Colleague: 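So that we are looking at the same thing, I have put the structure below in structure tokens.
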Amino acid sequence: MNGTLTLVLPDGATREVPMGTLPRDVVASIGPRLLLASYAVAVDDEVQDLMTPLRKGGSFVVITDKDPRALPVLRHSGAHILATAVRRLRPEAKIGFGPAIDDGFYYDFEVDTPFTPDDLEAFEAEMVKVAAEKLPFVREEVTQAEALVRFSNDPLKLERLADFEGTDEIISTYTDGPFVDLCRGPHVQDTSYLKHFKLLSTAGAYWRGDEKRQMLQRIYATAFLKKDELEAHLHQLTEAKRRDHRVLGKQLDLFMFHHFAPGAVFWTERGTSIVNELNGYLRELQRDGYAEIKTPLLYNKALWEVSGHWGKYRENMFLVLDKETGEHDFSLKPMNCPSHYLMYSAKKHSYRELPLRYNTYDVLHRNEVSGALSGLTRVRQFQQDDCHIFLMESQIADEVKRLTDFILNYYNTFGLTANLKFATRPEQRIGTDEMWDAAEGALRQALEATGLPYTLKAGDGAFYGPKIDFDVTDSIGRHWQLGTIQLDYSNPERFDLTYTGEDNHAHRPVIIHRAVSGSFERFIAILIEHFAGAFPVWLAPEQVRVLPIADDFRAHAERVTRALRDAGIRAHLDVRNETLNYRIRDGETMKVPYMAVIGKREAEANTLAVRERGTGNKQEVVPVSEFIARVTGEIRSRALPSQGVAE
RNA sequence: GCUGACGUAGCUCAAUUGGCAGAGCACCUGAUUUGUAAUCAGGCGGUUGCGAGUUCGAUUCUCGCCGUCAGCUCCA
């Protein structure tokens with residue numbers, strides 16, 4: 001190595017250093033305290049660690065704990081420290097990969113007996129020791145032959161090394177104390193930088209993500225730069241657990257499952273009320289300009305052959321025996337699209353009808369693998385708020401604007417915010433490259449025209465077209481992918497869909513696939529967790545619970561309940577032979593938004609002592625008519641809970 | 001589907017090395033008539049997920065199946 005490199009520091013000053021200088025020496029020359037505080041450096045925005053020789057010049061930024069790029073470096077080093085601890089306690093463990101991930105890091109091991117929770121505790125304690133030993137991370141660059149020797153006992157690493165055959169990639173190893181790993185880096189300077197971390201769980205994971213390869217034991221962990229950040233993260237995990245829709249669904253009596261129908265929901269009376277409210281709201285929003293339709297649930301396979309699903313997705317379809325042929329020639333629909341094309345093509349359409357919007361709430365079935373099922377979020381039978389829009393190319397921009405407004409407005413009703421993602425052509429796709437160019441160009445243009453910010457998700461589109469995904473953030477900061485707007489130039493060809501243009505000739509329409517909630521099932525799961533079960537009044541299965549203090553006021557309470565119900569309020573009378581305290585407690589536990597208590601004073605004055613959910617003793621006495629006006633007003637405006645959704 | 005863990009009353013959980021399956025809540029009955037988060041007493045409630053095996057004896061040990069959970073894979 002020879003020559004000189006020019007480094008430009010953030011303040012504009014420059015440093016001339018010989019090629020191959022270690023960043024550590026450069027940082028040390030700036031200041032010894034900066035060296036202590038540095039996790040890595042960025043040369044021309046490329047992150048590398050302090051132990052890797054500089055091979056090029058450019059802008060030179062020291063990454064401290066104020067730089068978001070520090071955390072992944074720390075976490076990756078955390079993975080090595082985890083492996084160091086595991087190897088000390090279980091020397092026979094073979095090592096796989098140990099990367100940083102969004103919420104922390106993991107490391108994969110090949111062991112004869114899987115790890116137990118006790119093992120995790122021991123590993124964590126050992127990691128504390130490794131960190132205390134302040135072992136430096138030593139980087140070495142080695143030849144392929146040398147690497148093969150070093151990792152001769154680690155078959156997984158040898159397999160990884162084989163990938164380097166014939167490339168000029170630099171092979172590097174990192175050593176901290178007794179542990180050597182084949183690794184590109186970057187790493188922190190020594191093990192003492194890992195201070196705030198926790199091992200979370202262990203689970204099987206296929207070697208290299210391939211279900212045909214052996215299963216390794218993965219240990220998940222998280223780490224942060226600061227103690228309060230770690231605590232906040234762990235708090236979010238427990239908060240998520242407290243809000244778990246499967247637990248709340250049971251507690252609030254919303255839904256159930258039964259092993260005779262795995263992956264299919266039984267909605268109770270209360271749960272059904274929520275489904276119906278959501279459906280009613282969507283119907284209201286789509287009253288004008290949409291055509292609600294219902295199509296069959298069961299189809300001959302010929303349809304799926306045309307749509308292309310029979311070949312690729314038959315595994316995930318519920319097949320039904322045809323009595324005549326004795327074959328599984330029929331299938332429950334896993335999506336609505338083809339049935340809407342059939343409806344469209346059943347008659348001639350004029351350009352004057354476009355955009356033509358078919359929307360539906362039909363039930364769909366997808367035969368998910370058993371291990372994928374999870375509460376309401378991943379089911380085999382679900383109801384999608386689906387819509388297919390047939391339109392001319394010239395209408396795309398307006399329609400996309402209209403749809404994004406629609407979807408964002410819908411989320412806003414629940415206090416949910418969304419980020420837009422633009423997803424482009426995937427590896428596996430149908431349609432020509434010209435078609436994709438046109439579709440991606442048109443959708444991107446339409447997206448730009450909305451003026452909304454978005455991020456790019458290259459290669460994440462549907463197999464028939466590019467899409468805009470709506471990534472929603474809930475009240476505890478978790479992200480969910482819900483709505484989608486997909487542009488489709490391919491299926492109009494495949495199903496030979498046409499409309500008659502102004503010129504009296506047949507033209508090809510474009511299709512937009514749109515979903516807002518994704519599915520009612522999953523959306524309700526998200527809402528349960530978002531609101532922690534304390535739904536806004538309009539969505540609450542039980543909106544008011546009327547509590548007469550004693551039997552003497554029962555008749556009056558019945559009249560009040562009747563008046564509330566006549567006003568369209570879901571009100572229930574609780575006349576159980578229990579104390580008022582008992583019944584109040586029950587109402588709070590069931591998260592009923594309002595409890596209306598009636599005693600002597602209220603019965604005489606025709607008022608109610610109103611207790612609002614979660615506000616303790618701050619009840620107020622209001623005339624019945626005023627209370628009815630207030631609640632119906634909140635229902636009509638779909639107001640969010642006044643005490644907020646975060647609780 | 002794969003790896004691992006789990007499955008006991010409607011719910012949440014107990015049950016010492018294999019030895020009569022329990023508690024709280026819920027539910028039912030009675031007393032009590034209650035002023036803002038659990039009134040008291042009594043009672044009902046179980047083929048321990050299902051099916052085999054080992055054993056004098058299985059909730060407990062072994063195997064198979066079903067389901068649930070954490071991940072992996074998948075998610076049109």
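Numbers restart at 1 for each chain; the letters A, B, ... are given by sequence-line order, proteins then strands. Source: prediction; values computed, not measured.
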Colleague: Should stems be defined as at least three consecutive Watson-Crick or G-U pairs with both distances under 3.5 angstrom, which of them involve RNA chain B?
Modeller: B:1-7 with B:66-72, B:10-13 with B:22-25, B:27-31 with B:39-43, B:49-53 with B:61-65
Colleague: Roughly, in whole Å, what's the span from CZ in A:R585 to P in B:A38?
Modeller: 6 Å
Colleague: Looking at B:U36, I'd like to know if its phosphate oxygens (OP1 or OP2) sit under 4.0 Å from a side-chain N or O belonging to A:R613.
Modeller: no
Colleague: With nearest nucleotide decided by heavy atoms, which residue, A:S374 or A:E588, maps closer to the 5′ end of RNA chain B?
Modeller: A:E588
Colleague: Between A:D210 and A:R213, does at least one N-O distance fall below 4.0 Å, as a salt bridge requires?
Modeller: no
Colleague: Under 4.0 Å: is that the gap between some side-chain N or O of A:K250 and OP1 or OP2 of B:G10?
Modeller: no
Colleague: Hey, are A:K94 and A:D154 close enough for a salt bridge, meaning a charged N less than 4.0 Å from a carboxylate O?
Modeller: no
Colleague: Charged N to carboxylate O under 4.0 angstrom, A:R90 versus A:E92?
Modeller: yes
Colleague: Please check the phosphate of B:A70 (OP1 and OP2 only) for any side-chain N or O of A:S201 closer than 4.0 Å.
Modeller: no
Colleague: Please determine if A:R242 and A:D244 form a salt bridge, counting it only when a charged side-chain N lies under 4.0 Å from a carboxylate O.
Modeller: no
Colleague: What is the separation between atom CD1 on A:I511 and atom P on B:A76, rounded to the nearest whole Å?
Modeller: 18 Å
Colleague: Determine: side-chain N/O of A:Y582 to OP1/OP2 of B:A26, distance under 4.0 Å, yes or no.
Modeller: yes
Colleague: What class does the angle between the rings of A:W304 and A:H309 fall in, given that below 30° is parallel, 30 to 60° is tilted and above 60° is perpendicular?
Modeller: perpendicular
Colleague: Using a cut-off of 4.0 Å on non-hydrogen atoms, how would the nucleic acid contact of A:F115 be classed: base, sugar-phosphate, or nothing?
Modeller: nothing
Colleague: Please state whether the phosphate of B:C72, meaning OP1 or OP2, lies under 4.0 angstrom from any side-chain nitrogen or oxygen of A:Y220.
Modeller: yes
Colleague: Under 4.0 Å from OP1 or OP2 of B:C69: is there any side-chain N or O of A:R246 that close?
Modeller: yes
Colleague: Do A:D574 and A:R576 sit within salt-bridge range, that is, some charged N less than 4.0 Å from a carboxylate O?
Modeller: yes
